[in-house]
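To start, the structure under review is shown below, and the notes come after it.
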Amino acid sequence: MHDRNFMWFLCIVVCFLYPVDGGTTCLSCSSVESVIDCTHLERCGNNEICFAHKYVTESKSELYDFGCTYQKLCVPGSSGSIFGKRLSEGHHIVCQTCCNDTDICNMKSSCVTNVANTSSTGHSTDSKLPRECDDLTNTTTGVHTIYPDGIRPTQVYCIMANNEKWTVIQRRFNGFVDFYQDWMNYKKGFGPAAGEYWLGNDNIHIISTTTGHKLSIYLEDFNKNFMYANYSYFHLGNELVYHNGRQFSTKDEDYNGHNCGVRVHGGWWYDYCATSNLNGPYLAGKATNTSAMFWYGWPSYFYSLKKTTMMIKRIS
């Protein structure tokens with residue numbers, strides 16, 4: 001993983017604040033080598049379901065298609081050799097599954113070959129160590145040790161609630177930690193797990209790409225009002241609706257072309273520049289612009305929040 005050339009992209013699907021009409025949500029890609037290479041999602045029609053195809057090309061490569069289809073067109077099965085032909089290319093489908101029980105259910109298709117766990121050092125590992133809070137047997141909220149790459153211990157804050165175990169990737173509540181950090185610090189992570197901290201883009205990437213994850217963001221103002229923004233799919237790969245698909249930028253690494261890391265004093269998935277800036281300055285209340293820890297329009301425009309927590313959990 002190269003420090004300067006590797007760029008973290010944000011891919012999420014909104015399911016709470018901004019509901020979308022239609023049926024289930026499915027992974028939607030063509031000719032990808034593995035399920036983790038597919039980061040695009042599609043909202044199916046009310047009479048459609050998710051599908052996954054595994055097929056073999058004329059050069060004997062195994063590839064996948066994911067998307068939406070009609071129930072009557074789905075003939076699930078697996079032959080191990082030739083199941084059917086993709087007529088336009090002459091490729092052989094060897095496995096097909098369909099589902100509609102949960103959002104993004106085709107991510108867990110039996111056609112999908114399990115991807116070997118690989119550490120950030122490039123070495124494959126079958127470590128049974130907990131990679132995220134969801135893997136812990138302990139059910140107490142607080143600081144725990146996880147091993148995102150299966151090797152190196154990392155301190156993290158876990159929230160255990162309603163029979164769910166959430167891995168906190170960002171936590172702010174008093175302004176004691178400066179979030180106006182450079183690229184390398186956002187890459188590695190900073191701050192104590194017992195206090196305010198950023199888990200680190202490397203760790204977030206490793207956790208969120210091993211399988212599908214959902215994201216929940218907790219916001220609180222200084223009048224004890226709070227809200228949650230919940231997202232059905234979160235992926236940090238090779239107000240977040242506006243930021244979906246954007247590249248992460250900091251004060252010393254500008255990938256949006258507008259120098260937003262410097263302009264709004266943070267590290268985030270900026271465009272021009274932000275409708276949320278949860279890693280911005282902690283100003284404790286009313287602000288005059290977007291250079292603040294804000295969520296656009298809540299509780300009012302240009303308001304620096306009291307508390308924020310970003311947490312992710314494996315999709316069950």
Side-chain angles (χ1 to χ4, degrees), residues 7-16 18-57 61-78 83-84 86 88-89 91-118 131-132 134 167 204-216 230-238 240-241 243-247 269 312-316:
M7 293 176 287
W8 294 282
F9 291 85
L10 178 66
C11 177
I12 58 174
V13 171
V14 181
C15 70
F16 178 68
Y18 306 91
V20 181
D21 293 333
T24 188
T25 298
C26 308
L27 283 181
S28 181
C29 296
S30 297
S31 303
V32 294
E33 294 184 355
S34 72
V35 66
I36 63 173
D37 294 324
C38 184
T39 59
H40 182 263
L41 294 108
E42 175 182 4
R43 176 69 69 170
C44 298
N46 289 323
N47 57 345
E48 292 181 318
I49 59 177
C50 301
F51 78 86
H53 288 165
K54 178 181 180 180
Y55 62 93
V56 178
T57 68
S61 298
E62 291 186 348
L63 298 176
Y64 295 91
D65 289 345
F66 301 94
C68 300
T69 190
Y70 293 106
Q71 176 76 55
K72 62 183 180 181
L73 298 180
C74 183
V75 184
S78 176
F83 181 69
R86 293 161 51 91
S88 59
E89 300 92 351
H91 300 164
H92 291 115
I93 296 176
V94 296
C95 183
Q96 175 175 264
T97 60
C98 298
C99 60
N100 64 352
D101 51 340
T102 62
D103 278 341
I104 326 172
C105 57
N106 54 345
M107 173 176 58
K108 298 177 286 185
S109 166
S110 58
C111 295
V112 175
T113 302
N114 290 330
V115 180
N117 293 323
T118 304
R131 294 174 178 270
E132 57 184 285
D134 203 32
T167 301
I204 300 170
H205 164 72
I206 292 169
I207 293 171
S208 67
T209 55
T210 54
T211 185
H213 283 72
K214 56 185 178 181
L215 167 70
S216 182
N230 296 320
Y231 301 88
S232 61
Y233 185 73
F234 170 86
H235 173 86
L236 185 60
N238 237 15
L240 294 172
V241 181
H243 300 278
N244 193 4
R246 307 303 180 191
Q247 298 173 18
W269 297 273
I312 59 175
K313 183 189 178 298
R314 185 182 293 119
I315 296 173
S316 58

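Values in this document were obtained by computation on a predicted structure and should not be read as measured data. Counting from 1, the numbers follow the sequence of the chain as shown.
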Distance (rounded to the nearest 0.5 Å) between [X] [atom1] and [Y] [atom2]:
X: S216; Y: I312; atom1: OG; atom2: CD1; result: 11.5 Å
X: S30; Y: F66; atom1: OG; atom2: CZ; result: 10.0 Å
X: C29; Y: E42; atom1: SG; atom2: CD; result: 10.0 Å
X: T25; Y: N106; atom1: OG1; atom2: CG; result: 10.0 Å
X: D65; Y: L27; atom1: CG; atom2: CG; result: 12.0 Å
X: K72; Y: C98; atom1: NZ; atom2: SG; result: 14.0 Å

Original post:
SG of C105 to SG of C99, below 2.5 Å?
Top reply: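 A disulfide, yes.
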
Original post:
For the cysteines C50 and C68, is the SG separation below 2.5 Å?
Top reply: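 Answer is no: C68 does not pair with C50 in a disulfide.
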
Which atom names give the shortest non-hydrogen contact between [X] and [Y], and what distance separates them?
X: I315; Y: K214; result: CG1-N, 3.8 Å
X: L73; Y: Q96; result: O-NE2, 4.3 Å
X: T24; Y: C26; result: CG2-SG, 3.8 Å
X: T211; Y: H213; result: O-ND1, 2.9 Å
X: S31; Y: Y55; result: OG-OH, 2.8 Å

**OP:** I would like to know whether N230 and L215 meet side-chain contact (heavy atoms from CB on, under 4.5 Å); could you show each step before the answer?
**Re:** CA-CA 6 Å; N230 296 320; L215 167 70; over 6 Å; no

Original post:
Does E33 have any side chain to side chain contact (heavy atoms under 4.5 Å, CB included) partners at least two apart in sequence or in another chain, and if so, which?
Top reply: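 E33: side chain to side chain contact (heavy atoms under 4.5 Å, CB included) contacts with D37, L63.
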
